[in-house]
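Right, one structure below, let's go through it.
From a predicted model like this one, the values you see are computed outputs, not experimental measurements. Convention: sequence-line order gives letters A, B, ...; per-chain numbering from 1.
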Protein chains: 4
Amino acid sequence: MKNDRIAVALLGAGRIGQEHAKNLASFPQVEVVVVCDPRIEGAEAVRPLVRARDVTPSPEEAVNRNDVDAVVICTPTDTHAALIEAAAEAGKAIFCEKPVALDLTRTQQALAAVAKKGVAFQIGFQRRFDSGYAEAKRRIEAGVLGRLDQFRTVGRDPAPPPKEYLAKSGGLFLDQSIHEFDIARFLMGEVTEVNAWGTVRFHPDAEELGDIDTATTLLRFSSGALGVVENSRRAVYGYDIVTEVFGENGKIVVQAEPKTPLREYSKDGYRLDHYHFFMDRFGPAFRAELEAFFHAISNGKPPGPGSNDALESLKIALAATRSLKEGRSVKLTEI
Amino acid sequence: MKNDRIAVALLGAGRIGQEHAKNLASFPQVEVVVVCDPRIEGAEAVRPLVRARDVTPSPEEAVNRNDVDAVVICTPTDTHAALIEAAAEAGKAIFCEKPVALDLTRTQQALAAVAKKGVAFQIGFQRRFDSGYAEAKRRIEAGVLGRLDQFRTVGRDPAPPPKEYLAKSGGLFLDQSIHEFDIARFLMGEVTEVNAWGTVRFHPDAEELGDIDTATTLLRFSSGALGVVENSRRAVYGYDIVTEVFGENGKIVVQAEPKTPLREYSKDGYRLDHYHFFMDRFGPAFRAELEAFFHAISNGKPPGPGSNDALESLKIALAATRSLKEGRSVKLTEI
Amino acid sequence: MKNDRIAVALLGAGRIGQEHAKNLASFPQVEVVVVCDPRIEGAEAVRPLVRARDVTPSPEEAVNRNDVDAVVICTPTDTHAALIEAAAEAGKAIFCEKPVALDLTRTQQALAAVAKKGVAFQIGFQRRFDSGYAEAKRRIEAGVLGRLDQFRTVGRDPAPPPKEYLAKSGGLFLDQSIHEFDIARFLMGEVTEVNAWGTVRFHPDAEELGDIDTATTLLRFSSGALGVVENSRRAVYGYDIVTEVFGENGKIVVQAEPKTPLREYSKDGYRLDHYHFFMDRFGPAFRAELEAFFHAISNGKPPGPGSNDALESLKIALAATRSLKEGRSVKLTEI
Amino acid sequence: MKNDRIAVALLGAGRIGQEHAKNLASFPQVEVVVVCDPRIEGAEAVRPLVRARDVTPSPEEAVNRNDVDAVVICTPTDTHAALIEAAAEAGKAIFCEKPVALDLTRTQQALAAVAKKGVAFQIGFQRRFDSGYAEAKRRIEAGVLGRLDQFRTVGRDPAPPPKEYLAKSGGLFLDQSIHEFDIARFLMGEVTEVNAWGTVRFHPDAEELGDIDTATTLLRFSSGALGVVENSRRAVYGYDIVTEVFGENGKIVVQAEPKTPLREYSKDGYRLDHYHFFMDRFGPAFRAELEAFFHAISNGKPPGPGSNDALESLKIALAATRSLKEGRSVKLTEI
């Protein structure tokens, strides 16, 4: 690969594709040569953002272009695995939104194709690139907390996704909690056992689809530390992502500060605002993950989080799903 | 009982007895007539704090004095039940430090004596009287949060108690988590099921005694809401008590602000301190619980938290203990 | 003086007298032998709080009792100087609410009487005993900030005092800002020059009385550092006391944390409360100042803040008053 | 002007020019056609960031290109006025970093050229575009605070600029405080009188150049409200920008939250970080001001802050400079 210029095919011009497009446009060494979306108007709409040469409705065409070095996959989940395989086959570096697939076999197949061709692969767990989470990781690795004993993370979305999305989402653990499971692994190491309690508290769609909207899940780590993940599909105050790692020498809490640096004092005390939209909270992380991806491939280094991270977080989600269904603790070795 | 003056026997002149003594001295309507401690020097040391008329090594004598209206029991746990029974028999109003006893039968016996004599009874769950917890309760009851969906509370002590204390403590769930279980019931209602994960992370004494030093425990409430309790016997940054109630309309977090209202900015950013000693954090609550007790009995009203609160939190602790031992969820109906 | 028991005459049974009474009742070594108030019902009402032997309407009688070691003066300002003189003459230790008097001559006379008799004297600048201000002082003296360069303090009351009080108050600088001026001296050292800008923004009483309700005042310190004091007679969000000391190595901000340790998250973000009543914010400081007074006199040490502190803060207030009137900077040497 | 595409000449490829370049690259409707810097290597270095067609060492050439719609002036201060005049003459829309010039006459000349040609003009007071300041403005205009009574703002830089920069800076008030003066006007309205106290506390360069490094400055607003500005050339904890507007119904504080959303608890309490570099704190504001500029000119609307804002803040800075020199309050009408 040429070190000084990376030619990119952007696959998918939906919401997340548009976000990535803005970031792609701002990297001097990156040139988006083609935007691909089956809805060609979508691709056309994104084209000026990235000053792309071409658009195409065909991912095969985009992936197999000779002038493409890397693909950024932002298409619907059920197309990820096939596109990963096609891109691997074509020898392209791959950045793919999470998840690879909703089942283990398909995920393993796609990742095997990546491994076989030895192409660079990064999965879109953007939180790892948030300044708070990245700094937490650095301090933990530097031994600031010493031995780690407890972990807690919260993931609450402002509102549930549309029913059609939910129906294909794989359920709360695979769709939502998987970000929390990735952060758990990122900061604490491997998970060995899961006990998930979940319930429907408010969402008729979840009920109808046999899904849940609320969950509190125990995690046991290979180090012996204990953890808990709390999820909800709706929080009226916004997007609630808080993580606490407790250890021998103290604790680190990653916790969004108010969105706007402003306090209003009135006769009711004082008030601060809260992030509502995930892109407001993690916008810089979305940019940073792509920057890291291109930096890695420019330097011939493996990007990350990679195949193993995609696989292991999926296993935890599958274990949680089974735990809920069977009403018992599930060991990761069972998955 | 005379409304305008309450004569009190203070039983126990140890650490917690001394704290209560300071508060007793500051209530104009309360007169401590006798301080009782088998270590008579202890009783003598507390006497001037409360300007008490008499001291005695004999709790029987103190409890049965005609000029005593109420007893404040601060003796070791294993004496609580017998003293409650004696005080009930003597027709005195009773304030007793938690717990009544470490086993269910003995607790039920003592509380039956209270019920039979119809005396006023309050158990020392002081956190309910903290301005943060009390205000959380008021707002929740006023419907501020609407339907409650998730609960999380943390209880971490700065350092483990001495081994002799641990040996008789009943274990982490009965000794430490019981405060968290009480707050769970206070804010969320009854608990129906428990799944406790616990482990020894650092404390040789806990290991030796077959106890644990770290636990993360799932709670299911009768409303269907989910909860989690995190405990540790040691937190180097101090006494860590944080509670979050999440519901339909938002969430309430009760969380100690810095102990000292001061921020120091230096080249490392800025720094605030943290409560270390439980009495610094909950000193006003210890005062307020006694004030509420005397206010209730002065007005002929039942004080609280009372017998049922003592009993139910014990049951949760016993269920958690069994859950840990048997490696499964335990329903409260099993206890 | 007897080291182990201090007999006190409490002079004044008004609002501040009642507050001090509660604290006096809680010090084991203190015995309030007499409560004095010209309104004898007021004295009678306070008596049970402190379990005082006697009440009297006559301050002369109270001050001159042989069985009194110390006086706590909480009477109206215009009686302070005479009572200080009487108590000094009688050889009693003196705690007096601020100010000694509203004019310099009368203040100097009273303090001369104190000096002549060599009695212990403490003026009621309670903020020095707040945990935040006391800790700021300790860190500054320990050199944490190095050279001090800038100072800012805010003093805003929730609401203006009654007109009758205002009329006799000496004006905003002598009545309100004097607390800020004392804290300025406490943390930064002597003030050498003042430039006060003041105005009427909202209060008809202030207008009518030729007073102001809003002021921003520059201070120059003998060290060369610069400072500013902001005052308002009304803040709807409550009692607003914030201080910042900026120096070579950083800054220290003393700033009340929320009154209630609780955050409420709703669709409008999150909300905390604010102190409204000065006694809620500085209650522990009012207790601590008396404790320090009795501790000092029990140990034969001079209590503080003392005569010089009473005098110097008054001079700054007089300089600010003159600066405002004459529209120019005023040096302290002019006062 | 073509609505859908704006051709830009970027003048100046130094630190601030590079920052603007990154943002220019990310606006789809903007095309940077030429980068100009007398140091042609500087222009060459910036060129790929903005994918510019050309570079030139000659500002005259850049400004007068037919294919340029707008200029972004990031050159040294002493070239601003001439470039503004040249660009106005050429009929280009102008974005210029502050200040126009360090003296009133030159500023007025340049702005007269803008007025004569009727070209769009925006001055680089980026703080107005910070989410905190912008939201404060919105709330104040919506009447949230009611009548405004007091204003305080702090401006402290992490470290003084190089001596050569200081020598040509115009002094602390014109170079640094002018940002505070602009925010004062933005939130509070016009300033009518200034009283500036300044001093050298630490910086030999300031001393040598007859400048100051520390200042506390009173402002009187035309509304009658009072204000204060605190400045320092060095704050070890970083870039310290805090603003408080106090009014009838409460106060609004704009105050940077920690740079990293992370709290570390250790035995010393807990610690958060602080912004150090102005571009970290105001990076999004730098982007937003350019976005607003292009949005305005695309829509044929006057951008802002504009000529009057450039002029009035300069007058306040000149008044403060004179106040310090003459040791008296200076009315803006004197300037």
**Message:** Quick check for you: to the nearest 0.5 Å, what is the distance between C:Asp268 atom CG and A:Tyr237 atom OH?
**Reply:** 14.5 Å

**Fill in**
Most heavy-atom pairs under 4.5 Å with chain C, out of A:Arg271, A:His276, A:His274, belong to A:Arg271

**Asked** Who among C:Asp273, C:Leu272, C:Asp240, C:Val236 has the most heavy-atom pairs with chain A under 4.5 Å?
**Response** C:Leu272

**Message:** I'd like to know whether NZ of A:Lys259 has more than 12 heavy-atom contacts from other residues, nucleotides or ligands below 6.0 angstrom.
**Reply:** no

